[in-house]
Amino acid sequence: MTRPPLDDEDAAFDEMTAAMADEFGLDERDVQGLSFVAAALDLHQRLGGFDPTEPMGELAQLISIPPITQVLTTLAWVQTPLEPFLTDIVRGVLGPMRAGPLTVLAACAEARADVLGAERHLRAAVSADHGFIQAVLELAFLDEERGDYAAALKAYRVIGLDTAGEPRHGLEALVTDYGHGRYGRNDPCPCGSGRKFKACHLDRLEVTPPDPADALFRKLGHWQVRADFGRILDELHAELNGDPEVADDVEPVDELLSADVAMWDLGGLQRYLDTRGVLLPDSERVLLGHWLSSRRALYEVISVQPGRGLVLREVNGSLEVKLRDRSLSRLEPLDLICLRLMPDGVGSVTTVGGFRVPRPQRESVGSLIELGDGVALLQWLADPMPAMRVQTMEGEEILFVTTTYRLPDPAAAAEALEQKLRLGDDGIYREFVERRGREWIRGSITIEGDIATVEANAKRRADRLERTLRKAAPGVKRLKRIERTMAQAAADGPADSEESSFLDPETNPDVAAAMEQVMREYERTWCDEPIPMLGGLTPRQAVGDPAARKELEAMLDDMTWQNRRSGSYGVMDPERIRTLLEI
């Protein structure tokens, strides 16, 4: 068969088949066979069909080569001309040669959401060739969908699937096998019925059906590795990227949440129900309908039973739920977690899509959850939004800035700085600002030898101090500037080892005691300062306001959670604040 010149569509198809050949590891001979099939498909389109009398045996044999069958079943989801082409081939062959084309036809039918048609094609393929592995395997998946686990397991055993791998391993645990070569035909049946084995349980598998939720999770797991779900993941990749051309090169940042977003936000679960729901047992189909209406929510951990489970309460809600989920028992009280809670069909709940949320980001992440925007949640996981903004009195966001300079004349610089800043007994020059009847430090400059170090907790404050230093020391040379957000400072610790040693309470207990006293004074002042997150109320005023008090309690929980992770030294103590506020 000679192939006509290629047009653009043919070139695209050749490019796709080449990619499939690489993905499925086709050898040179298989690639040649796939190219011959592609040429025949092209000719079939151009001629509008094949002559019924023309022998199709060679094409059918090529299509039945397992790697070529795999490629074509994948292409069946995007190449609609395959179906009439394969139908003509099936009509022109008999016996085992029909198995390959019928298996690919089954994929074509399922791509049209006709799973019953796909099942008919697969049963015909297995009838034509009991040893055609791909047809046997695909039919076993459909038997599982129907809940016929015994039939599926027999098929997995026939084709020799690994007992330790999926999908066989999960079924072996469900089935009581009274035979499998261990008893003679005329032996008493081990089930205790008193009948001979051949008349009772020979070749019979007794199945203990899984709970509906476990069964659905298993079936959805099978479906999520198929081409149908793969197309939905491609859509998700494209939306995350904003560029469909590079979508295939980008993996979602969280596998479990990505699957959750693809299933609920992008319609994958509805697609599964529309396509395969007709095969499911009634109890599972009803349960799947409940899952469709489930929602994500943000939950706070109330208590934990290590190795057993935990109790959660919905943030901004009253729902409290106990989960028997050992994988979540590693959480701690006050932790926040985003989950989708769903009924499990036996009176309890199950979960999907869980991930931790830092407490300072509960409002921003909670807003995304309320909007139902799963794609935005994935984008947040890839690039978390800033934590709750902590500002200076001037309204500038906290940023720890440390800049070092080399001084041409340290003595002259010190003399000039003393005219602008206040020199402390410790030899450090500080800039102060007065607010509400007390002084607050804006930043400092330290001179050691010919090195001056400028430190401040906001960009504008640091810039202002650096300008002061440059005016005091003309010709000064900047060596290094380090800027760290609060999150980076918490994660990295102090900017240098000397600072770490200076602030270490064991190394310098006097400094630690002084800082503790400063913090206690700040806590007393804070209780009477207007707080934007409390609607402009002070914490003391918020105690008497139901809505503001709820937010105040959450803020204090945030402090407890943060202190537990970063240590309580040098930070506000929420328990002392509760005492001050009498709550």
Side-chain angles (χ1 to χ4, degrees), residues 1-4 6 9-10 12-112 114-115 117-142 159 226-228:
M1 183 179 297
T2 302
R3 186 168 189 182
L6 295 177
E9 186 176 338
D10 294 327
F13 183 73
D14 277 357
E15 185 177 341
M16 188 181 300
T17 55
M20 292 293 102
D22 182 62
E23 179 181 345
F24 289 103
L26 272 63
D27 59 26
E28 184 177 352
R29 187 172 180 179
D30 291 337
V31 170
Q32 291 176 350
L34 186 58
S35 297
F36 187 85
V37 172
L41 173 61
D42 174 72
L43 183 61
H44 185 273
Q45 290 180 256
R46 294 174 185 272
L47 298 177
F50 287 144
D51 185 335
T53 63
E54 186 173 341
M56 296 286 108
E58 184 178 2
L59 273 174
Q61 287 178 328
L62 287 173
I63 293 170
S64 296
I65 295 173
I68 295 179
T69 307
Q70 285 184 304
V71 171
L72 292 177
T73 52
T74 301
L75 292 175
W77 294 89
V78 293
Q79 288 290 322
T80 52
L82 270 176
E83 196 159 10
F85 169 68
L86 293 163
T87 300
D88 278 355
I89 294 175
V90 169
R91 289 172 182 161
V93 296
L94 298 172
M97 285 189 294
R98 294 164 52 89
L102 283 167
T103 301
V104 183
L105 270 175
C108 293
E110 188 169 356
R112 293 187 285 99
D114 180 12
V115 71
E119 186 179 33
R120 287 193 296 271
H121 287 313
L122 289 171
R123 294 199 185 281
V126 173
S127 178
D129 184 354
H130 295 288
F132 195 73
I133 292 178
Q134 189 161 347
V136 174
L137 186 61
E138 293 292 333
L139 188 57
F141 287 148
L142 296 186
I159 60 179
R226 301 178 64 81
D228 199 2

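- The two residues Ala76 and Ala111 have their closest heavy-atom pair at O-CB, 4.0 Å.
- Inter-residue side-chain proximity for Phe85 and Val104 is flagged as unmet; no heavy-atom pair is nearer than 4.5 Å.
- Residues Gln134 and Pro66 approach most closely at OE1-O, 4.1 Å, considering heavy atoms.
- Counting only N and O atoms by type, the side chains of Glu138 and Thr103 include no donor and acceptor under 3.5 Å apart.
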| task | Determine, stepwise, if the pair Val136 / His130 fulfils side-chain contact (heavy atoms from CB on, under 4.5 Å). | result | CA-CA 7 Å; Val136 174; His130 295 288; over 6 Å; no
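- In this structure, CG on Asp27 lies 9.0 Å from CD on Gln32, to the nearest 0.5 angstrom.
- Taken from CG in Leu122 to CG in Leu137, the straight-line distance is 10.0 Å, to the nearest 0.5 Å.
- Contact between Pro101 and Met97 at its shortest, heavy atoms only, is CD-O, 3.3 Å.
- Note that CZ of Arg29 and CG of Leu62 are 9.5 Å apart. Values are rounded to the nearest 0.5 Å.
- Residues Pro84 and His44 have side chains in contact (heavy-atom distance under 4.5 Å, counting atoms from C-beta outward).
- When Leu41, Val93, Ile89 are each tested for a side chain to side chain contact (heavy atoms under 4.5 Å, CB included) with Leu59, only one passes: Ile89.
- Side-chain contact check for Glu119 versus Leu139: some heavy-atom pair is nearer than 4.5 Å.
- Counting heavy atoms from C-beta outward, Leu34 and Leu72 have side chains that approach closer than 4.5 Å.
- Across all their heavy atoms, Ala109 and His121 have their closest contact at CB-CD2, 4.2 Å.
- Side-chain contact between Leu102 and Phe132: absent, with no pair of heavy atoms (C-beta onward) separated by less than 4.5 Å.
- The line from OG1 of Thr73 to CD of Glu110 is 10.5 Å long, rounded to the nearest 0.5 Å.
- Considering all non-hydrogen atoms of both residues, Ala128 and Ala99 come closest at CB-N, 4.4 Å.
- For the pair Cys108 and Leu86, the tightest heavy-atom approach, listed with the atom from each and the gap, is SG-CD1, 4.2 Å.
- Looking at Val71 and Asp30, their side chains never come closer than 4.5 Å, going by heavy atoms from C-beta outward.
- Rounding to the nearest 0.5 Å places CD1 of Ile63 at 10.5 Å from CZ of Phe36.
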